[in-house]
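The chains referred to below are lettered A, B, ... by the order of the sequence lines, with proteins before strands, and numbering in each begins at 1.
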Number of protein chains: 4
Amino acid sequence: MGKKETAARRLAIIHTARDLFAEKDYYKTKISDITNRLGISHGTFYNYFNNKSDVFTHIIKGYIKRLEEIFLKDNPRLSNNAIEFRNQLVRLTNELFDVFIEDQNMYDLLFFRAEVAGLEIKKEIKKLFKTAELFIEKYLAHGVNKKFLKSSIDASLNAKAIRGMTTVALEDLMENDAPLQLKERWIISLSNFIIDGLS
Amino acid sequence: MGKKETAARRLAIIHTARDLFAEKDYYKTKISDITNRLGISHGTFYNYFNNKSDVFTHIIKGYIKRLEEIFLKDNPRLSNNAIEFRNQLVRLTNELFDVFIEDQNMYDLLFFRAEVAGLEIKKEIKKLFKTAELFIEKYLAHGVNKKFLKSSIDASLNAKAIRGMTTVALEDLMENDAPLQLKERWIISLSNFIIDGLS
Amino acid sequence: MGKKETAARRLAIIHTARDLFAEKDYYKTKISDITNRLGISHGTFYNYFNNKSDVFTHIIKGYIKRLEEIFLKDNPRLSNNAIEFRNQLVRLTNELFDVFIEDQNMYDLLFFRAEVAGLEIKKEIKKLFKTAELFIEKYLAHGVNKKFLKSSIDASLNAKAIRGMTTVALEDLMENDAPLQLKERWIISLSNFIIDGLS
Amino acid sequence: MGKKETAARRLAIIHTARDLFAEKDYYKTKISDITNRLGISHGTFYNYFNNKSDVFTHIIKGYIKRLEEIFLKDNPRLSNNAIEFRNQLVRLTNELFDVFIEDQNMYDLLFFRAEVAGLEIKKEIKKLFKTAELFIEKYLAHGVNKKFLKSSIDASLNAKAIRGMTTVALEDLMENDAPLQLKERWIISLSNFIIDGLS
DNA sequence: CATGAATGAGGTTTCATTCAT
DNA sequence: AATGAATGAAACCTCATTCAT
């Protein structure tokens with residue numbers, strides 16, 4: 001087996017584990033569930049990961065990294081007026097939603113299943129949420145600065161509120177069979193709500 | 001042991017279980033953890049509950065019931081204008097926040113720990129969320145009807161969005177050492193956001 | 001089951017474990033070997049001991065304590081001449097041999113099986129040997145002082161040598177079917193060797 | 001790979017295995033520990049040995065052979081008086097000690113680690129000890145015959161006793177950082193003890 | 001009702017060994 | 001010969017639950 005096949009098998013384990021963790025639960029997912037589904041021996045699992053929590057952590061960390069990239073790529077300072085702000089908002093939520101739609105396990109794993117994982121990984125997820133909130137807050141602050149958002153708003157709490165709205169939108173998309181159409185509705189609804197609410 | 005003492009011990013088990021499930025996790029909480037903390041034999045537990053998941057379900061169902069009462073008590077038709085709407089909003093969120101502040105375990109158990117419970121109970125929680133969303137939607141529809149909310153709003157999605165905002169507010173309150181002061185800030189911020197966003 | 005029966009079962013586990021550890025090996029002895037021989041479930045074992053190494057340590061520590069008592073009871077200063085010294089030597093080796101003859105597992109467990117146990121217990125055994133050697137050395141030093149032993153002897157090395165002779169005697173007794181007769185021969189032989197060699 | 005390289009690799013495996021068995025334990029030493037230290041694949045191990053216990057047995061048998069040679073080389077009949085006897089004693093213990101000092105793993109492996117080996121190899125070690133004791137006994141018998149040792153001694157037990165003394169001396173040397181100086185002290189001490197005790 | 005000893009299903013992990021390349 | 005992926009027997013340990021006292 002060459003390097004490529006080895007990497008492929010590692011990936012297969014990751015994907016199967018990810019599916020099962022999302023379907024069941026960290027605890028209810030047995031190593032044998034993963035290996036049975038792959039048609040390999042349970043011992044093989046341990047040639048690729050040290051233990052169960054190892055794969056889990058790997059999956060979650062991958063998700064965290066992917067989301068952080070979105071926040072780092074964007075620049076809150078680009079909009080100069082409400083129209084540009086809306087465009088930025090639309091672009092950003094669209095990208096975020098796409099990431100979650102693409103990997104339907106992401107939402108469950110990140111928001112719920114990680115609960116039972118070790119404290120360390122929970123902290124990292126918490127940090128991710130904080131990052132997202134601070135990111136939104138910068139947007140709002142910039143808007144206030146540029147005068148296209150009201151100066152009276154409570155930027156910190158509103159940032160959190162927006163994070164909450166977005167989370168529910170994600171949940172809604174995940175439960176829907178045709179998420180792409182629903183996505184458009186959510187993007188419009190959210191941007192209207194935010195802009196009319198804050199400007 | 002009389003009926004009263006029996007009921008009291010049952011309650012004590014529920015409370016201790018509730019605390020531990022919130023502190024640790026359903027899986028990480030052992031029957032012996034509960035009974036040890038109560039200073040009773042672990043065998044005694046089984047005189048009050050059939051098994052571990054039994055107490056857990058009981059706790060979650062209690063929470064569900066308690067929250068449903070809030071929604072059933074209120075009447076979305078009472079407001080005739082934006083000012084009355086705001087008052088109703090303030091009253092409602094205040095009451096909701098109080099319930100969660102009073103029992104600090106509620107948030108964690110309902111939103112995260114319940115994940116590991118059986119499918120049936122998860123469905124009930126999902127239903128609770130739906131109930132809440134429909135309840136909010138009725139509010140919005142009434143407002144549109146009475147013309148103090150814009151007719152262009154997507155009532156269904158906005159109801160979900162508001163549920164998301166509220167959830168994040170709860171999370172924020174739970175993490176705060178002085179939730180009562182923060183509560184006021186959230187109530188104002190939320191009602192401003194909602195009213196300015198939708199009216 | 002009362003306290004007495006509980007203690008009895010604990011003792012039964014210790015004895016069976018002790019026998020098996022001596023028969024086989026720490027590693028080759030499985031928890032199920034112990035419980036099968038006792039006709040109990042393997043789970044029961046864990047109601048009495050935390051784990052395998054727990055019983056093992058318990059057994060070894062019991063042995064160490066028992067032997068230390070022998071050394072602490074005796075007083076190296078009692079003899080004033082070679083005859084008294086011989087008597088003391090005879091009494092002491094006799095007592096030591098009896099302890100090992102009484103529990104035939106002691107020798108193997110202490111000298112060989114403990115090898116595979118944790119480092120801590122190995123250190124304790126090493127300490128026991130050092131204690132024994134220092135104890136013998138005091139005897140020799142007292143003898144030199146009282147002039148019934150040669151002043152030219154290397155007390156430290158001779159003490160070790162005597163420990164070695166005694167160990168081999170023990171091994172020989174353990175392998176013999178009629179250890180009591182052989183014991184007398186060893187006691188005479190050892191005391192002659194020591195006294196004629198050092199006085 | 002030619003015959004020479006093959007033999008060299010086999011030897012390298014033996015040496016590394018020997019070191020690890022002495023450092024840790026038979027059980028605690030994994031095949032991969034051996035191969036990792038050698039920088040080869042663990043599969044390669046099985047081109048040189050059938051299994052784990054195979055190397056172990058090989059090592060122990062090598063030690064046994066080496067020690068037997070010492071006993072076979074010497075002739076107990078060479079001394080005619082106490083002085084010659086002492087010289088022979090000194091020469092012999094010196095040689096024995098040197099063998100063990102040269103390969104510091106030998107003592108541990110032969111006296112303790114071999115415990116976990118199969119019954120067969122344990123019997124061989126026991127036989128080696130018996131050989132050593134019979135060898136010493138012949139010395140003593142010859143001394144009694146030539147009248148430079150007391151006729152009253154219990155040659156059989158004294159031979160064992162001397163084996164025990166020698167073993168402790170070895171142990172002491174192994175634990176010491178400067179074994180060569182200590183060796184001289186032990187040789188003097190042992191020969192004095194033996195000669196004065198038995199003659 | 002209370003107790004706590006006993007049970008055993010069930011899970012995780014290790015590692016010697018095999019074997020196709 | 002060398003490699004290292006795959007295998008699976010085998011062991012440890014947990015803990016919910018039962019039940020006799």
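The side chain of D:Thr44 contributes an N or O atom lying less than 4.0 Å from OP1 or OP2 of F:dT3. Distances shown here put a side-chain N or O of D:Thr6 below 4.0 Å from the OP1 or OP2 atom of F:dA1. The phosphate of F:dA5 has neither OP1 nor OP2 within less than 4.0 Å of any side-chain N or O from A:Arg10.
Taking the nucleotide of DNA chain E with the nearest heavy atom to each of D:Tyr26 and B:Ala7, the more 5' of the two is matched to B:Ala7. Between B:Phe45 and D:Phe45, the residue whose closest nucleotide on DNA chain F is further toward the 5' end is D:Phe45. Mapping B:Ser53 and A:Gly39 onto DNA chain F via the closest heavy atom, the residue that lands nearer the 5' end is A:Gly39.
Taking every side-chain heavy atom of B:Lys30 into account, F:dC15 is the closest of E:dT13, F:dC15, F:dT7. The side chain of C:Ile40 approaches E:dT7 more closely than any other nucleotide in the set E:dT17, F:dA6, E:dT7.
What separates OH of A:Tyr27 from P of E:dA9 is a distance of 24 Å, to the nearest Å. A straight line from NZ of B:Lys28 to C1' of F:dC15 spans 16 Å, rounded to a whole angstrom. Distance A:Asn51 CG to E:dT13 P: 5 Å, rounded to the nearest Å. A straight line from NZ of C:Lys4 to P of E:dA5 spans 16 Å, rounded to a whole angstrom. In this structure, CD1 of D:Ile34 is placed 11 Å from P of E:dT17, rounded to the nearest angstrom. Between the C1' atom of E:dG4 and the CD atom of C:Glu5 lies a distance of 13 Å, rounded to the nearest Å. Taking atom CD1 of residue C:Ile31 and atom C1' of nucleotide E:dT7, one finds them 16 Å apart after rounding to whole Å. Atoms OH (A:Tyr48) and P (F:dG4) sit 12 Å apart, rounded to a whole Å.
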*Are B:Ile40 and B:Arg9 close enough, and set up right, to give a side chain to side chain contact (heavy atoms under 4.5 Å, CB included), and what steps lead you there?*
CA-CA 10 Å; B:Ile40 62 176; B:Arg9 172 155 288 187; 3.5 Å; yes

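A salt bridge links C:Arg66 with C:Glu102; the closest basic N to acidic carboxylate O contact falls under 4.0 Å. Between A:Arg113 and A:Glu23, none of the side-chain N atoms (NZ, or NE/NH1/NH2) sits under 4.0 Å from a carboxylate O, so this pair counts as no salt bridge. Salt bridge D:Asp33/D:Lys28: absent, no basic N to carboxylate O contact under 4.0 Å. Between B:Glu175 and A:Lys126, at least one side-chain N (NZ, or NE/NH1/NH2) sits under 4.0 Å from a carboxylate O, which counts as a salt bridge.
Interatomic distance, B:Phe111 CZ to B:Phe129 CZ, rounded to the nearest 0.5 Å: 4.0 Å.
When every heavy atom of B:Leu109 is checked against every heavy atom of B:Ala22, the shortest pair comes out as CD2-N, 4.0 Å. When all heavy atoms of D:Ile121 and D:Lys61 are compared, the closest pair comes out as CD1-CG, 3.6 Å.
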Protein-nucleotides 18-20 of chain E N/O pairs under 3.5 Å:
none

Would you list the atom pairs, donor with acceptor, under 3.5 Å between side chains in residues 51-58 of chain A and any protein atom, with sequence neighbours excluded?
from    : atom 1 : to      : atom 2 : distance (Å)
A:Asn51 : OD1    : A:Ser53 : N      : 3.4
A:Asn51 : OD1    : A:Asp54 : N      : 3.0
A:Lys52 : NZ     : A:Tyr26 : O      : 3.0
A:Lys52 : NZ     : A:Thr29 : O      : 2.9
A:Asp54 : OD2    : A:Asn50 : N      : 2.9
A:Thr57 : OG1    : A:Ser53 : O      : 2.6

Given Watson-Crick and G-U pairs under 3.5 Å, DNA chain F in dot-bracket ([ ] crossing, | other strand) is .||||||||||||||||||||

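Residues B:Tyr63 and B:Asp103 have side chains that bring a donor and an acceptor to within less than 3.5 angstrom of each other.
One N or O donor and one acceptor, one from the side chain of C:Asn47 and one from the base of E:dA6, sit under 3.5 Å apart.
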